[in-house]
Number of protein chains: 2
Amino acid sequence: MLAIGTLSRKTGTKVQTIRYYEQIGLMNEAGRTSGGQRRYYVKDLDRLAFIRHSRQLGFSLDSIRELLDLSDNPSQSCAEADSIARRQLRQVEQRIKRLQALKKELKRMVAECDGESVAECKVLEVLRDHSECLTNHDEIGA
Amino acid sequence: MLAIGTLSRKTGTKVQTIRYYEQIGLMNEAGRTSGGQRRYYVKDLDRLAFIRHSRQLGFSLDSIRELLDLSDNPSQSCAEADSIARRQLRQVEQRIKRLQALKKELKRMVAECDGESVAECKVLEVLRDHSECLTNHDEIGA
DNA sequence: TTGATAAGCTACAGTGACTTTAGATAAAGG
DNA sequence: CCTTTATCTAAAGTCACTGTAGCTTATCAA
Ligand SMILES: [Zn+2]
Ligand SMILES: [Zn+2]
Ligand SMILES: [Zn+2]
Ligand SMILES: [Zn+2]
């Protein structure tokens, strides 16, 4: 039986995060010692590792929930798992595209400013006026 | 004098978001009609446009706050504005790098699965075992 | 057995940048 | 005057955690 700190160390997950996963039903409720501390089986460690690895690959907790459900029923077809992964791939590709457009704009504004006063700062000028941009960027955030 | 809905339409910002910006001190408190509705000057519209354009380019609200402060003092050197933009550029480049590594892994796992049962699903296999990966991905999320 | 230290517990607030909801009030046009 | 549209406040919800406070349990040496 493993203590929560062991799971934490073995998977690089904060202890609070493990408790959080339990709270939202992603991890099963762990057994407890007489004093109330959580104790885990190796299969719980495996599940946590799966969750963390999926997070590292950018999957949302909702997607991970689906993937875990599928993984628990080995007889089904894996079409659904594959489609979740393909969706994730498309999202990543979209993000890369968007970020590359941002990179281009940022690079240009930084390059074109020669560091004079704020009044002539190219960076601030572009931020004030989108018509100075080469690309459209209608979505917000990262 | 412009109503909040006009600012909303002209900048593509939700009305609530404009009120949120006021609440956190990013937009000045607007004047009010006798009935308590907000009324804006064109300079407020410009400020909001600046904020939204900066958000589209991925700047955080904290960075935008600094940029607005600088923009309000035209006599200073723009070194700080430029450095904020360069920092943003570096961040974007980092993100692109990370996402490209994710893309590679996702592409590979999707490509290598031939859609048999869950038991042999390459996607799930990789998620279970990071040693199947070609790259390290220690940070989490996007 | 004692006592120190490390590890764990709950409960709740905070993060960023909003979005959503509910219920009430104001403005504008016919 | 009436209806419709716009606006108001206040509070909770989102995502995926992280941090804090104040306490209890487990472990090991002396
Ligand atoms: Zn400059
Ligand atoms: Zn632009
Ligand atoms: Zn598969
Ligand atoms: Zn991996």
Side-chain angles (χ1 to χ4, degrees), chain A residues 1-27 29-40 44 48 50-68 88 91 95 98 137-142, chain B residues 1-27 29-40 44 48 50-68 88 91 95 98 137-142:
Chain A
M1 303 292 284
L2 313 166
I4 198 169
T6 310
L7 265 72
S8 169
R9 246 171 295 113
K10 293 217 182 197
T11 63
T13 313
K14 298 233 159 107
V15 165
Q16 296 104 303
T17 304
I18 301 174
R19 291 197 282 245
Y20 167 72
Y21 288 157
E22 179 184 302
Q23 196 184 302
I24 62 170
L26 206 54
M27 290 288 284
E29 289 200 23
R32 302 287 184 126
T33 63
S34 57
Q37 299 196 358
R38 288 170 181 82
R39 288 297 180 268
Y40 295 93
D44 299 312
L48 180 58
F50 184 105
I51 294 170
R52 295 308 277 181
H53 194 215
S54 304
R55 288 292 296 128
Q56 289 181 325
L57 288 163
F59 289 90
S60 72
L61 293 185
D62 267 3
S63 293
I64 294 171
R65 207 186 291 271
E66 289 188 69
L67 290 166
L68 282 166
Q88 175 65 15
Q91 263 186 32
R95 294 251 214 107
R98 218 184 101 60
H137 25 250
D138 26 51
E139 270 187 61
I140 223 142
Chain B
M1 304 292 282
L2 313 166
I4 198 168
T6 311
L7 263 73
S8 169
R9 246 169 294 114
K10 293 216 181 199
T11 63
T13 313
K14 297 230 157 108
V15 165
Q16 296 102 304
T17 305
I18 302 174
R19 291 197 282 247
Y20 168 72
Y21 288 158
E22 179 184 303
Q23 195 184 304
I24 63 169
L26 206 55
M27 290 290 282
E29 288 200 22
R32 299 290 182 124
T33 64
S34 59
Q37 299 196 356
R38 289 170 180 81
R39 288 296 180 268
Y40 295 93
D44 298 313
L48 181 57
F50 184 105
I51 295 169
R52 293 310 276 182
H53 193 216
S54 304
R55 287 292 295 128
Q56 289 181 324
L57 288 162
F59 289 91
S60 72
L61 292 184
D62 268 2
S63 292
I64 295 171
R65 207 186 291 272
E66 286 187 71
L67 291 165
L68 282 166
Q88 176 64 16
Q91 264 186 31
R95 295 248 216 109
R98 219 183 100 59
H137 25 249
D138 26 55
E139 269 187 61
I140 223 142

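Only this structure's heavy atoms are used, side chains among them; waters, hydrogens and symmetry mates stay out. Here is the naming used below: chain letters follow the sequence lines, and residue numbers restart at 1 for every chain.
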Rounded distance in Å - CD1 (A:I18) to P (C:dT10)
13 Å

Quickly work out the B:Q56 CD to C:dC18 P distance and round it to whole Å.
11 Å

Nearest whole Å is fine: how far is C:dT10 P from A:R38 CZ?
4 Å

Shortest non-hydrogen contact from B:L7 to B:M27?
CD2-CE, 4.4 Å

Just to verify, what does B:Q16 make a side-chain contact (heavy atoms from CB on, under 4.5 Å) with, not counting sequence neighbours?
B:K14, B:R19

Going by side-chain contact (heavy atoms from CB on, under 4.5 Å), name the residues that satisfy it together with A:E66, two or more places apart in sequence or in a different chain.
A:E80, A:I84, A:R87

For A:E139, which residues count as a side-chain contact (heavy atoms from CB on, under 4.5 Å) partner, sequence neighbours excluded?
A:R98

Need to verify one output field. Residue with the more 5' nearest nucleotide on DNA chain C, A:R9 or B:D62?
A:R9

Got a sec, which residues hit side-chain hydrogen bond (donor to acceptor under 3.5 Å, both in side chains) with A:S8, two or more places apart in sequence or on another chain?
none

Footprint ends on DNA chain D, 5' to 3', for atoms under 4.0 angstrom from a heavy atom of chain A, come out as D:dA16 to D:dA26

In whole angstrom, give the distance that lies between atom CG of B:L61 and atom C1' of C:dG14.
16 Å

Can you name the side-chain hydrogen bond (donor to acceptor under 3.5 Å, both in side chains) partners of B:E22, sequence neighbours left out?
B:R38

With sequence neighbours left out, the residues meeting side-chain hydrogen bond (donor to acceptor under 3.5 Å, both in side chains) with A:Y20 are none

Presence of B:R52 side-chain N/O under 4.0 Å of C:dC18 phosphate oxygens OP1/OP2
yes

Do any side-chain nitrogens or oxygens of B:T17 fall under 4.0 Å of OP1 or OP2 in C:dT19?
yes

Side chain to side chain contact (heavy atoms under 4.5 Å, CB included) between B:I24 and B:R65, intermediate numbers included
CA-CA 10 Å; B:I24 63 169; B:R65 207 186 291 272; 4.2 Å; yes

Close approaches to DNA chain C from residues 19-27 of chain A, in residue order (heavy atom, under 4.0 Å):
A:R19

Check every strand shown and say whether B:R32 touches a base, only sugar-phosphate, or nothing at a heavy-atom separation below 4.0 Å.
sugar-phosphate

Quick one: which protein N/O atoms are closer than 3.5 Å to N/O atoms of nucleotides 24-30 of chain C? Pair and distance per line, please.
residue	atom	partner	partner atom	Å
C:dA27	OP1	B:T33	OG1	3.0
C:dA27	OP1	B:G35	N	3.3

Looking only at heavy atoms, which two atoms of A:L57 and A:Q88 are closest? And how far apart?
O-NE2, 3.3 Å

side-chain contact (heavy atoms from CB on, under 4.5 Å) partners of A:T6, counting only residues at least two apart
A:L2, A:A3, A:R9, A:K10

Find the distance B:K14:NZ to C:dT19:P and express it as a whole number of Å.
5 Å

Sequence neighbours excluded, which residues qualify as side-chain hydrogen bond (donor to acceptor under 3.5 Å, both in side chains) partners of B:T11?
B:T13

